[in-house]
Amino acid sequence: MDRLVIQGGHSLRGRIRVSGAKNAALPCLAAALLTPEPLVLSNLPAVADIRTMVKVLQALGTEATLEAEGDGFELTAKLACAGSDDPKAPYELVKTMRASILVLGPLLARFGRATVSLPGGCAIGARPVNLHLEALERMGAILEISHGYIHASVKGRLKAIDHAFEKVSVGATENILMAAALAEGTTILRNAALEPEIGDLAQLLVEMGAHIEGLGTGTLTITGVERLHGCEHAVIADRIEAGTYLCAVAATCGDVVLDRCEPEHLRSLLDLLERSGCVITEREGQDGRQLRIQRECGQKLRSKDATTLPFPGFPTDLQAQFMAVMTQACGISVINEGIFENRFQHAMELERLGANLRTDGRAAIVAGPAELTGCTVMATDLRASAALVIAGLVAKGETIVDRIYHLDRGYAGLEKKLQGVGARIERVGGGKV
Ligand code: UD1
């Protein structure tokens with residue numbers, strides 16, 4: 001199993017190009033199930049989750065190819081879904097990636113039936129799919145759960161609903177948005193999630209011929225059409241990847257420009273980092289927007305509190321990385337996790353590196369600045385791994401981050417991008433360390 005070996009204590013300087021957003025790419029890939037025509041998706045990050053979703057689509061009767069773009073950090077997918085006699089998303093694939101549940105709505109809408117494995121538990125909380133299932137049932141789906149699978153069918157087409165989600169859910173909004181695009185009648189989705197990745201999916205659906213109003217608001221109105229067509233679409237920049245590199249520079253010191261990112265998607269983090277003392281500038285580059293972050297060596301960071309909330313609130317997917325930054329800030333920072341009930345597993349590993357922190361339920365209290373010293377740490381999930389890398393970049397001496405298959409699920413070329421800005425970080429095969 002690969003590990004990352006980091007020699008900490010070096011500031012980061014240079015440029016990093018931000019890849020396409022994994023969390024936008026996954027629902028956009030699932031949208032290929034909505035049409036028999038070819039769909040070409042570019043700027044997909046070259047990460048394991050994208051390959052898993054393509055395998056899921058292939059298992060569901062989709063012809064799919066993935067080709068590397070430019071430097072290999074992004075991929076283009078060419079997809080055409082003729083369908084299959086027995087559309088089934090198997091446990092072996094779904095268990096490795098919960099977002100596989102996003103195929104359920106499109107399959108039901110286009111083929112009238114689907115079998116999808118229940119995703120099961122997850123390292124960061126219970127993560128049920130009840131919100132997805134409740135809305136689909138209201139649209140006329142007959143659902144039966146047995147042997148670990150959701151067996152779903154519908155007589156005729158799915159029917160439009162006026163539906164208020166009980167809780168804001170990114171995945172449920174995406175699933176029902178796709179289902180409604182081919183349903184009979186006009187669906188109104190209230191309390192819909194506002195994450196930029198939903199805007200990107202909606203944009204793709206519109207390019208495919210869907211009728212959607214209310215983009216960028218919590219109420220989406222979708223008038224179903226009988227068929228959608230193919231198109232070409234480039235997914236948006238990954239705000240979480242960009243935010244991770246911003247946190248890495250804030251924690252270690254340095255001066256880095258992020259190319260091809262969207263500052264509007266990162267306001268809550270930019271605001272916190274600026275208030276804690278980093279200098280952030282935005283400008284239009286040749287290749288999209290740019291963000292520059294500067295924290296000169298010796299310049300003190302101020303501690304700031306953060307609470308994770310649905311967009312435009314502070315993202316739960318940056319909570320672990322921000323905690324790593326706060327270990328270096330002067331004073332006490334209180335970090336509240338408002339989305340998932342069990343998302344502080346990185347805290348104990350950060351403590352092993354020397355962080356001074358406590359967790360209590362959904363709150364973590366970080367006292368800084370702490371002198372971090374390298375050791376071997378083990379990652380429990382994708383973003384927790386990123387936090388450990390950031391802490392390793394700060395820590396004196398050598399840090400080894402184990403179980404980096406979590407990182408490979410969501411970061412394209414992480415160690416290469418960090419090497420490009422001066423980090424001493426190397427990927428080593430398990431047997432060699
Ligand atoms: C997506 C992101 C994930 C991010 C999360 C929150 C993808 C592929 N993943 O996950 O990286 O951390 O949004 O921003 O885009 N819930 C229910 N019932 C449901 C669905 C969700 O109770 O049927 C709860 C969850 O347990 C959680 C909250 O709602 O507490 C938000 O989850 P949700 O927005 O659905 O997260 P995902 O779409 O799974």
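When a ligand or atom number is given, it counts from 1 through the structure's own listing order.
Atoms of ligand 1 lying under 4.0 Å from at least one heavy atom of Val170, given by number and element, are 1 (C), 13 (O), 33 (P), 34 (O), 35 (O), 38 (O). With ligand atoms numbered from 1 in the order given, ligand 1 contributes 2 (C), 3 (C), 7 (C), 8 (C), 9 (N), 11 (O), 15 (O) to contacts under 4.0 Å with heavy atoms of Asn23. Near Val129, the atoms of ligand 1 lying under 4.0 angstrom from a non-hydrogen atom of the residue are 19 (C), 23 (O).
Screening Lys22, Arg239, Arg343 for a side chain to side chain donor-acceptor pair (under 3.5 Å) involving Asp317 leaves a single residue, Arg343.
Comment: Lys155 does not engage Glu184 in a salt bridge, judged by the lack of any side-chain N to carboxylate O separation of less than 4.0 angstrom. Using a 4.0 Å cut-off between charged nitrogen and carboxylate oxygen, Asp71 and Arg17 count as a salt-bridge pair. In this structure, Arg190 pairs ionically with Asp162, as a charged nitrogen and a carboxylate oxygen lie closer than 4.0 Å. Salt bridge Glu92/Lys95: absent, no basic N to carboxylate O contact under 4.0 Å.
Using a 4.0 Å heavy-atom cutoff, His132 is listed among the residues neighbouring ligand 1. Heavy atoms of Arg98 stay at 4.0 angstrom or farther from ligand 1. Heavy atoms of Arg343 approach ligand 1 to within less than 4.0 angstrom.
An N or O contact shorter than 3.5 Å is missing between Ala99 and ligand 1 by distance. By the 3.5 Å distance cut-off applied to N or O atoms, Ser169 is counted among the residues near ligand 1.
The closest heavy-atom contact to atom 6 (C) of ligand 1, among the options Leu131, Leu102, Thr316, comes from Thr316. Closest heavy-atom approach to atom 21 (C) of ligand 1 within the set Pro128, Gly171, Pro315: this belongs to Pro128.
Proximity of Asn130 to ligand 1, defined as any heavy-atom pair under 4.0 Å, is shared by backbone and side chain alike. With a 4.0 Å cut-off on non-hydrogen atoms, Ile339 touches ligand 1 through its backbone as well as its side chain. Under 4.0 angstrom from ligand 1, there are no non-hydrogen atoms of Glu174.
A tilted orientation is assigned to the rings of His151 and Tyr149, their planes being inclined by 30° to 60°.
Applying the ring pair (Phe, Tyr, Trp, His ring centres under 6.0 Å) rule to Phe322 yields the partners Phe314; only residues at least two apart in sequence or on another chain are considered.
Judged by a 6.0 Å distance limit and a 45° cone about the ring axis, Lys417 is not positioned over the six-membered ring of Tyr245.
Side-chain atoms of Cys81 and Arg110, non-hydrogen and from C-beta on, do get closer than 4.5 Å to each other.
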